[in-house]
Number of protein chains: 4
Amino acid sequence: MAELPEFPTSLGTSEGTTITLLGQDLAADLMGEVTFGELAYWLITLQRPTPQQARLFEAVLLGLADHGYTPTAIAARLTYLSAPDSIQGALAAGLLGGGSRFLGVTEDTGRFLAEVLDGLDELPGDDAAWDVVAEAAVRRQREAGRFVPGLGHPVHKEGDPRTPRLIQIAHEEGLYGPHLALFEAVGRVHPGVLGKTLPLNGAGVSGAALADLGIPQELLRGTVLLARCAGLLGHIAEEIRRPVANDVYMTVDRNAVYVAPED
Amino acid sequence: MAELPEFPTSLGTSEGTTITLLGQDLAADLMGEVTFGELAYWLITLQRPTPQQARLFEAVLLGLADHGYTPTAIAARLTYLSAPDSIQGALAAGLLGGGSRFLGVTEDTGRFLAEVLDGLDELPGDDAAWDVVAEAAVRRQREAGRFVPGLGHPVHKEGDPRTPRLIQIAHEEGLYGPHLALFEAVGRVHPGVLGKTLPLNGAGVSGAALADLGIPQELLRGTVLLARCAGLLGHIAEEIRRPVANDVYMTVDRNAVYVAPED
Amino acid sequence: MAELPEFPTSLGTSEGTTITLLGQDLAADLMGEVTFGELAYWLITLQRPTPQQARLFEAVLLGLADHGYTPTAIAARLTYLSAPDSIQGALAAGLLGGGSRFLGVTEDTGRFLAEVLDGLDELPGDDAAWDVVAEAAVRRQREAGRFVPGLGHPVHKEGDPRTPRLIQIAHEEGLYGPHLALFEAVGRVHPGVLGKTLPLNGAGVSGAALADLGIPQELLRGTVLLARCAGLLGHIAEEIRRPVANDVYMTVDRNAVYVAPED
Amino acid sequence: MAELPEFPTSLGTSEGTTITLLGQDLAADLMGEVTFGELAYWLITLQRPTPQQARLFEAVLLGLADHGYTPTAIAARLTYLSAPDSIQGALAAGLLGGGSRFLGVTEDTGRFLAEVLDGLDELPGDDAAWDVVAEAAVRRQREAGRFVPGLGHPVHKEGDPRTPRLIQIAHEEGLYGPHLALFEAVGRVHPGVLGKTLPLNGAGVSGAALADLGIPQELLRGTVLLARCAGLLGHIAEEIRRPVANDVYMTVDRNAVYVAPED
């Protein structure tokens, strides 16, 4: 028999009449003392957030929680319609849409900004210096035929209201860091390179803010999924109160048109 | 063509430069002003929580977020091992364990208490009167061969520390309602009916507290899933930093024993 | 350290240059010799199917594989739209709709029939005797306020074409057993008890046929899920060739109507 | 109101007393006449398979269905343990591990081979000519720092038994095409380029065979998922008969070791 490995963890442990979570006494030190958003930050980073970090982190979660009838919200509702006995399935189905196309922008932006910052010997000292860095980065993306993540929005063409708000909160809390600075510089310089002016979108600024908050790149999408989890619960709750999923289904089914396979 | 239905919602809507969520201006009135837990409560109930409700609700979420190497946490880690490119799949796999056996106690307890309360003409006025109600309810469960949900715990045989803590917070915030009162009465009277003394567990008291907070029965399990979502992200983050899933896999695979189908 | 348990299995094992599955040499004895449907039956029951059992089992799978734009197919397509990099997520989202409402009829019917048969001392000898058993069973359901599973269909009000076909195949293969006999008797007698004539639906007859084939009750829904897996792959393949999910999404989103939370 | 789009499909449609699937009469022409594997091929490609194609396709599915206690099988069993009321959740959790690391080789190999073939003006006429093509392709991969997909196996270091078997069946059925030819050439030439001899693994040869069968690249992983669906059902069936998931859970939980977050 191979020797049995140990399984280390810094999260939850229980014994007798105590439960420890992140090295804290769950009942005495966390419950009633820490918000759920603070705990989530702590679980992801292993660092207890300051009140300033908590405010910015929770603001990001709020901005990403729900956007009405997204494909993921509709998928969750349709799954609830089919399997109302299994709310976990409806929630999971909604989260499974958290892939590259709609929810991936936050991660893509965070990674893009971090990569540019990694290539710098020292951080720019003023906006003009940031603009130089940003312009080179946008140019490299365009030359490689890649999008600049975090730019553009199908609805908020004139500006995504979450972007200035998160930047404002970051300033208020002393958490405006290099990722946000570079992201703003991208916003200033991209029209000159790309020949069109696009808004800095909320998903992108969220990636910048989370990166400045120290959320690891691999967990940026996970953080969006946590935010979305609350929104999906809202949709499931609404589906219970005032169902629409059957109307969605019937709308599609009644307007189905058969096309021969060879066509 | 059948007429196209409308799809009503009270959650998120967007247009131009504004985003509305729950009838509020997302950027101006929610981000930076409301915690993520408050938003979740609001999304589920369509009621903005008072600070008192928010504190109790978030305390419940904290108590349910993580319990170390649960089957769901291990499943999420194994899924991340197999598909690290798809963090949403790992999170979904973990949530899919949110069924009857481990995460269902909160819902079961909430439903049981609500059913007993529904049968009362008026609420009992003191502990003795609650005990009469509770004893009859426990007796009916036993006679029907059903468990009393919320009693007993494999580890915390002498008492689950979350239980007195949530009751304390409920008292502090003026939110100690009939579900918690009935649950405590069940704790007092069940030894006389069942012939053994079991602790009131944390999952059960959470169901009672959430019911007193006005969370609909159909969303009790959903609320647990939101809490668990943060814990699972913690496990995935830890799996990235210090992986154990491959050790879990190899431990099982190396100790596999073939048994002929007919045996 | 607690002693490490062994993990028994009768399924796949590998060593050196051989792979064993169900006690067979995978490469030499299964690949190219056994159909995928036969293997699935074998994996579920640990019994190698006869050619007769294989034909009936595969016919059931075919009958349940796809029904066009079901809620599960739409959910899979919407998930593929959002996360095209993760086909496993789209497939999983579709399967998660395999719950009580749409896919549960097969299991419900199988369980209902088995329960009635379990209560018999001996099997009825002719149709008239089956009718007596069936009538009593239907009457008990009605008196208990429960539906008789397997009756009725929203589209095939005049008869579901899968029902006579599966019964015919079962007769051809010598596999017409007590579950199918009882199900047909339910079809004959229910109008007299319920006051209306409903077709025996395909999901129900599938449950009866699978039960006669020896599929355990706990795996009836799992068998439907396997069938549906092929259908969902068909939808995902079609979504890749000729996408509709974005149209579904836009149809819902554009016809969304905001309703104030308090309304 | 925007005009309602039509939703085209070539899969299932129903009306009155008929069900059509892929333009066929489901009950009369498919059930009892076509195997489940044949239907799956048809759904994915919109082409009815010849008996030769069906045999090779089903052989591939058999080779990929199960490999004992894989991470995905363990995840499915743990999920069943937690939520036995929701078999669809256990199956979905298992499939969600169908990502890049374990199940991705089939797709990676198919894409790699197709890309090399796309770059050829005409197909090589004999083994020596194939070897030239293969050697250049392997060299390019090595120079780009990329793995050659389909090479190597942790257990079958001396040879994966599925590889010669699938090649044999392809020859028997007249379906040995350019993807398989190139894959075999990679097997012959890679030692000279990489400096070590690795087996052609079963996942890789499956990708080559499926590509020769005309399965689109985007559906290669989906085909593996269908195969795995049967294997996962086998694990869930076994978990019901002789459970091990609780032992897996207890093994991990009992050997958990708390590590302070800062360590």
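The local environment of OH in A:Tyr258 is crowded, with over 12 non-hydrogen atoms from other residues, nucleotides or ligands closer than 6.0 Å.
The two residues C:Thr79 and A:Ala75 come nearest to each other via the heavy atoms OG1-CB, 3.9 Å. Closest approach of C:Leu81 and A:Pro71 over heavy atoms only: CD2-CG, 3.9 Å. Taking all atoms of both residues into account, the shortest heavy-atom contact from C:Tyr249 to A:Tyr69 is CE1-O, 3.1 Å.
Residues of residues 90-99 of chain A having a heavy atom under 4.5 Å from any heavy atom of chain C, listed by number: A:Ala92, A:Ala93, A:Leu96, A:Gly97, A:Gly99. Residues of residues 223-232 of chain A placed with any heavy atom under 4.5 Å of a heavy atom in chain C are absent; none qualify. Within residues 150-166 of chain A, no residue approaches chain C closer than 4.5 Å by heavy atoms.
Chain A forms more heavy-atom pairs under 4.5 Å with one residue of C:Ala83, C:Gly89, C:Ser82 than with any other, namely C:Ser82. The most heavy-atom pairs under 4.5 Å with chain A, out of C:Ala256, C:Ser86, C:Gly68, C:Pro84, come from C:Pro84. For chain C, the option among A:Leu103, A:Thr251, A:Val252 with the highest count of heavy-atom pairs below 4.5 Å is A:Val252.
The distance from atom CZ of C:Arg101 to atom OH of A:Tyr80, rounded to the nearest 0.5 Å, is 7.5 Å. For the atom pair OG1 of C:Thr70 and CG of A:Asp253, the computed distance is 8.5 Å after rounding to the nearest 0.5 Å.
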Apply side-chain contact (heavy atoms from CB on, under 4.5 Å) to residues A:Arg242 and C:Val259 and explain how you reach the verdict.
CA-CA 11 Å; A:Arg242 191 172 51 208; C:Val259 178; 3.5 Å; yes
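Listed by chain and residue number, nothing satisfies the side-chain hydrogen bond (donor to acceptor under 3.5 Å, both in side chains) test with C:His190 (two or more places apart in sequence, or in another chain).
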